[in-house]
Amino acid sequence: MPHEVRHEPAIAVLLPCYNEELTIAEVVRRFRETLPSAAIYVYDNNSRDLTALKARAAGAIVIREPRQGKGNVVRRMFADIDADIYLMADGDGTYAPEDAPQLINILQTERCDMVVGTRRGVADDAGRSGHAFGNRIFNSLYKRLFGTDFTDIFSGYRAFSRRFVKSFPAVSGGFEIETEMSVHASQLKLPVSEIALDYGRRPEGSSSKLSTYRDGARILWMFAMLMKETQPLRFFGAFAILFLASSLTLMTPVLIEFAQTGLVPRMPTWVLSVGLLLLSMLAMVTGLILDSVSRGRAEQKRIFYLSVPSGRIERRERTGETAKAEPGKTPRAA
């Protein structure tokens with residue numbers, strides 16, 4: 001008779017770190033107390049302090065990633081580690097390890113592929129108003145471009161299923177990796193959820209690695225690239241409308257003058273307006289072609305995502321399959 005065997009999930013806590021010697025030992029200790037069965041991994045991203053040493057002394061598995069940038073660290077972690085549930089946080093102590101069971105519980109009970117811990121106190125991020133303003137702007141822009149699945153796309157406190165981690169084609173190199181995760185989930189319409197959690201402040205002597213203007217520009221560029229890849233018709237359609245409007249603006253006076261006099265005295269303006277009209281048509285055709293390509297790529301991503309074992313806690317182990325199998329045939333694994 002078939003029966004169900006309940007397995008404990010293999011949980012991996014992922015902590016990308018860069019110069020976090022003031023906080024990492026305490027973060028590791030609290031995660032060990034909160035999730036005693038979890039494996040805790042600290043990926044040291046070229047820290048110039050004692051981050052790696054203190055993390056190892058606290059009981060974490062420490063691995064070095066030489067390519068600078070959080071995106072490079074996340075890509076390496078997702079490739080290296082095999083688990084059923086992945087929990088990613090920062091090593092700066094701003095996310096409470098005691099909230100981890102809530103994220104994992106939602107991931108399991110709602111059968112999500114990603115659960116995001118949205119930040120209640122993000123506006124108080126080390127007193128930097130530029131970060132809070134940037135968060136509001138980019139979250140609003142995300143909703144307009146990619147959908148309303150997320151309200152805090154920059155949160156670094158997330159729980160993932162194995163299926164998400166092993167099918168996520170991470171290409172970002174820096175802090176824009178969270179944006180890429182969110183767009184990936186929205187494009188494939190994966191089951192996701194959010195939970196509001198308190199966001200702490202860094203201890204005295206610890207500073208944020210974010211640069212308001214540099215990282216803001218990189219994130220904005222990532223928005224544009226992701227829109228080009230996932231919504232090429234909208235992306236190139238915007239350029240087509242811009243070129244068309246410019247062409248008509250320049251062309252109209254020339255046509256009016258030609259209708260009145262039969263002459264085209266401003267030939268350079270006419271040539272420029274025709275050129276802009278051709279660019280408009282080219283951009284629209286490009287968008288239409290790439291839209292079909294993008295849909296095909298999305299279908300391939302979805303098929304690959306479905307091919308990865310989900311890593312659910314409950315799995316069926318069938319017994320007596322041999323007796324039920326047809327003679328000469330190997331019974332199919334559950």
Are Arg158 and Glu178 within salt-bridge range, i.e. N to O under 4.0 Å?
no
Quick one: does Asp291's side chain have a donor or acceptor within less than 3.5 Å of a partner on Gly287's backbone?
no
Count I, L, V, M, F, W, Y as connected when their side-chain heavy atoms are under 4.5 Å apart, and connections chain through other members. Are Ile61 and Val74 then in the same cluster?
yes
For Phe239, give me all partners under ring pair (Phe, Tyr, Trp, His ring centres under 6.0 Å), at least two apart in sequence or on another chain.
Phe235
Is the backbone N or O of Asn135 less than 3.5 Å from a side-chain atom of Asn139, with the two atoms forming a donor-acceptor pair by type?
yes
For the side-chain contact (heavy atoms from CB on, under 4.5 Å) test, which of Ser193, Ser182, Ser155 pairs with Val116?
Ser155
Does atom CZ (Arg32) have a neighbourhood of more than 12 heavy atoms from anything else shown, all under 6.0 Å?
no
Gap between atom CZ of Arg163 and atom CG of Leu190 - 0.5 Å precision:
9.5 Å
Could you tell me whether Arg120 and Asp198 have a side-chain N and a carboxylate O separated by less than 4.0 Å?
yes
With sequence neighbours left out, the residues meeting ring pair (Phe, Tyr, Trp, His ring centres under 6.0 Å) with Phe168 are Phe164, His184
Does the side chain of Leu244 reach to within under 4.5 Å of the side chain of Leu277, using non-hydrogen atoms?
yes
Quick check on the 6.0 Å ring-centre criterion: do Tyr157 and Tyr199 meet it?
no
After noting the C-alpha distance and the side-chain angles of Arg29 and Glu26, does the key distance pass the salt bridge (charged side-chain N to carboxylate O under 4.0 Å, His left out) rule?
CA-CA 5 Å; Arg29 182 189 66 79; Glu26 178 68 9; 2.4 Å; yes
Minimum side-chain heavy-atom gap Leu197-Tyr95 below 4.5 Å:
no
Out of curiosity, Leu226 CG to Leu145 CG, how far, rounded to the nearest 0.5 Å?
10.0 Å
Result of checking Thr269, Val274, Leu272 against Val254 for side-chain contact (heavy atoms from CB on, under 4.5 Å)
Thr269
Got a donor-acceptor contact below 3.5 angstrom from the Glu180 side chain to the Val171 backbone?
yes
Is the number of heavy atoms from other residues, nucleotides or ligands under 6.0 Å of Arg295 CZ greater than 12?
no
Is it true that Lys70 and Asp90 have a side-chain N and a carboxylate O under 4.0 angstrom from each other?
yes
Would you find a donor on one side and an acceptor on the other, under 3.5 Å apart, between the side chain of Ser294 and the backbone of Glu229?
yes
Quick one: are Tyr142 and Val183 in side-chain contact, heavy atoms under 4.5 Å?
yes
